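First the structure, in the form of structure tokens, and then the observations on it.
Only a predicted model underlies this, so the values are computations on that prediction, with no experimental measurement involved. Note: hydrogens, waters and symmetry copies are ignored here, and every other heavy atom, side chains too, is used.
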Amino acid sequence: MSIVSLIAPKVCGTEGSLVACSPHVQQQRTTLFKRVTHRTMRCSASQKSDHLVKVCGVVSPEDAAFAASEGADLIGMILWPKAGRSVSLETARNIAAAAKKHGSRAVGVFVEETAEAIVETCEEVGIDIAQLHGDVARSAFASLPLDLQVIYVVHADSNGEVQTDVSGLERRPDWFLVDSLKGGSGMRFDWESLRPPTFSQHGWLLAGGLTHDNVASAIEIARPDGVDVSSGVCDDTKLAKDPSKVSSYVQRAQRAFKEN
């Protein structure tokens with residue numbers, strides 16, 4: 001039995017008889033019922049949202065915890081050692097744990113890894129979403145287990161034309177992610193002309209040149225199912241995240257998804 005049914009306004013009584021509640025008791029029950037119903041409806045609406053807000057290129061558990069606590073759904077970390085924002089396996093485990101503790105899911109970004117290496121790393125780090133960002137990693141897609149969710153990255157040129165061929169995919173990824181030609185560069189492209197692949201299981205995410213200043217307009221124009229930011233919310237070090245930018249980005253993205 002739910003808490004709402006337990007406190008819903010009803011007739012007071014003892015076993016075998018019905019006696020009306022006093023006005024004071026009835027008012028207390030009605031007020032409490034309204035409060036719990038409001039909270040239940042608000043939580044249900046939140047749980048039904050299919051839109052995703054992702055913060056990627058996270059290099060510390062502290063940044064992961066902050067982004068997750070601000071409401072980011074996905075926390076991405078780069079597990080390709082040649083990247084400037086790559087993290088060690090130990091740091092990756094701590095980032096994944098911090099994300100999970102604050103209600104988010106961790107994503108591992110791969111570029112040149114084989115299917116075997118991707119699965120092994122995901123198991124060791126404790127993540128269940130792999131983002132395939134390079135040709136070698138994308139070629140491993142068909143060999144990955146079905147219980148490992150996949151964000152399949154495609155690249156668009158400055159005119160918004162998708163340059164990555166997806167016609168030969170043998171299965172549907174969980175999400176597509178459309179990024180600029182150089183992922184992680186902060187370069188944007190023409191959102192109005194963009195025609196993303198549409199045969200994924202859960203939609204697609206927009207990346208490339210997003211910031212806390214333009215994420216709302218990007219959502220309004222491109223109508224993605226999620227957004228992904230990395231360099232756009234970094235501080236002056238270009239590695240750590242700027243808390244104020246992260247907070248603004250998440251809040252503006254969530255608001256834009258609700259309005260669009």
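- Rounding to the nearest 0.5 Å places NZ of Lys241 at 10.0 Å from OH of Tyr249.
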- Query: Could you go step by step and tell me if Ile127 and Leu79 meet the side-chain contact (heavy atoms from CB on, under 4.5 Å) rule?
  - Reply: CA-CA 12 Å; Ile127 56 180; Leu79 297 171; 4.2 Å; yes
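- To the nearest 0.5 Å, atoms CG (Asp128) and CD (Glu123) are separated by 11.5 Å.
- Other residues sharing the hydrophobic cluster of Leu239, ordered by chain and number and joined by side-chain separations under 4.5 Å: none, the residue standing alone.
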- Checking side-chain contact (heavy atoms from CB on, under 4.5 Å) for the pair Val125/Leu89: CA distance, chi angles, key distance, verdict? CA-CA 6 Å; Val125 172; Leu89 293 182; 3.9 Å; yes
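- Inspection of the Asp213 and Thr211 side chains reveals no N or O donor paired with an N or O acceptor under 3.5 Å.
- At least one donor-acceptor pair under 3.5 Å links the side chain of Lys245 to the backbone N or O of Cys234.
- Val162 and Val153 fall into different hydrophobic clusters, where Ile, Leu, Val, Met, Phe, Trp and Tyr are joined by side-chain heavy atoms under 4.5 Å apart, directly or via other members.
- Under the side-chain contact (heavy atoms from CB on, under 4.5 Å) rule, Leu210 has a single partner from Asp228, Ile219, Val233, Val227, which is Val227.
- For the atom pair Leu177 CG and Ile151 CD1, the distance stands at 6.5 Å (nearest 0.5 Å).
- Ile129 and Val55 are assigned to two separate hydrophobic clusters, defined by single-linkage of ILVMFWY side chains at heavy-atom distances under 4.5 Å.
- Remark: of the listed residues Met77, Gln131, Gln149, Gln131 is the sole one forming a side-chain contact (heavy atoms from CB on, under 4.5 Å) with Val107.
- The minimum heavy-atom distance between Gly160 and Ala156, with the atom names listed, is C-CB, 4.1 Å.
- Summarising the geometry, atom CZ belonging to Arg255 is positioned 12.0 Å from atom CG belonging to Asn260; distances are rounded to the nearest 0.5 Å.
- By the ring-ring contact (aromatic ring centres under 6.0 Å, His included) test, Trp204 pairs with no residue at all, sequence neighbours left out.
- Ile78 belongs to a hydrophobic cluster whose other members, connected by ILVMFWY side-chain contacts under 4.5 Å either directly or through intermediates, are Trp80, Val109, Val111.
- In the hydrophobic cluster analysis, where Ile, Leu, Val, Met, Phe, Trp and Tyr join through side-chain heavy atoms closer than 4.5 angstrom, Leu74 is grouped apart from Val178.
- Under the side chain to side chain contact (heavy atoms under 4.5 Å, CB included) criterion, Ala65 pairs with Ala98, His102, sequence neighbours left out.
- Of the inter-residue distances, the one linking Leu52 atom CG with Phe257 atom CZ reads 7.5 Å to the nearest 0.5 angstrom.
- Smallest separation of non-hydrogen atoms from Leu181 and His155: O-ND1, 3.8 Å.
- Contacts classified as side-chain hydrogen bond (donor to acceptor under 3.5 Å, both in side chains) and involving residues 63-79 (residues at least two apart or in different chains) are given here: Glu70-Ser247.
- In this structure the side chain of Trp191 reaches within 4.5 angstrom of the side chain of Asn214, judged on heavy atoms.
- When every heavy atom of Gly203 is checked against every heavy atom of Ser200, the shortest pair comes out as O-OG, 2.6 Å.
- Linking ILVMFWY side-chain heavy atoms closer than 4.5 Å, directly or via other members, places Leu146 and Phe199 in two distinct hydrophobic clusters.
- Note: Trp175 and His202 have tilted aromatic rings, judged against thresholds of 30 and 60 degrees for the angle between ring planes.
- Residues Arg85 and Cys56 have side chains not in contact (no heavy-atom distance under 4.5 Å, counting atoms from C-beta outward).
- A pairwise comparison of heavy atoms in Ala140 and Ala115 identifies CB-N, 3.5 Å as the closest pair.
- The two atoms that bring Val150 and Asp174 nearest to each other are N-OD2, 2.8 Å, heavy atoms only.
- Linking Ile, Leu, Val, Met, Phe, Trp and Tyr residues whenever their side-chain heavy atoms come within less than 4.5 Å places Ile221 and Val229 in a single cluster.
- Dense packing is recorded around CD of Gln163, with more than 12 heavy atoms of other residues, nucleotides or ligands lying under 6.0 Å away.
- Here the side chain of Asn159 pairs no donor or acceptor atom with the backbone of Glu161 at under 3.5 angstrom.
- Without hydrogens or angle criteria, Arg252 side chain to Ala216 main chain gives no donor-acceptor distance under 3.5 Å.
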- Stepwise, does the side-chain contact (heavy atoms from CB on, under 4.5 Å) test hold for Ile118 with Phe141? CA-CA 10 Å; Ile118 292 172; Phe141 176 41; over 6 Å; no
- Task: Walk me through it: do Arg93 and Glu124 pass the test side-chain contact (heavy atoms from CB on, under 4.5 Å)?
- Result: CA-CA 8 Å; Arg93 282 192 291 270; Glu124 186 171 350; 3.4 Å; yes
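- Contact check for Pro196 versus Phe176: no side-chain heavy atoms found under the 4.5 Å cut-off.
- Considering every non-hydrogen atom in both Arg138 and Leu132, the closest pair reads CG-O, 3.8 Å.
- Under the side chain to side chain contact (heavy atoms under 4.5 Å, CB included) criterion, Ser193 pairs with Asp190, sequence neighbours left out.
- Leu206 places a side-chain heavy atom less than 4.5 Å from the side chain of Phe189.
- Residue Glu112 places its CD atom among more than 12 non-hydrogen atoms of other residues, nucleotides or ligands, all under 6.0 Å distant.
- Taking CD of Glu113 as the reference point, atom OG of Ser139 lies at 11.0 Å (rounded to 0.5 Å).
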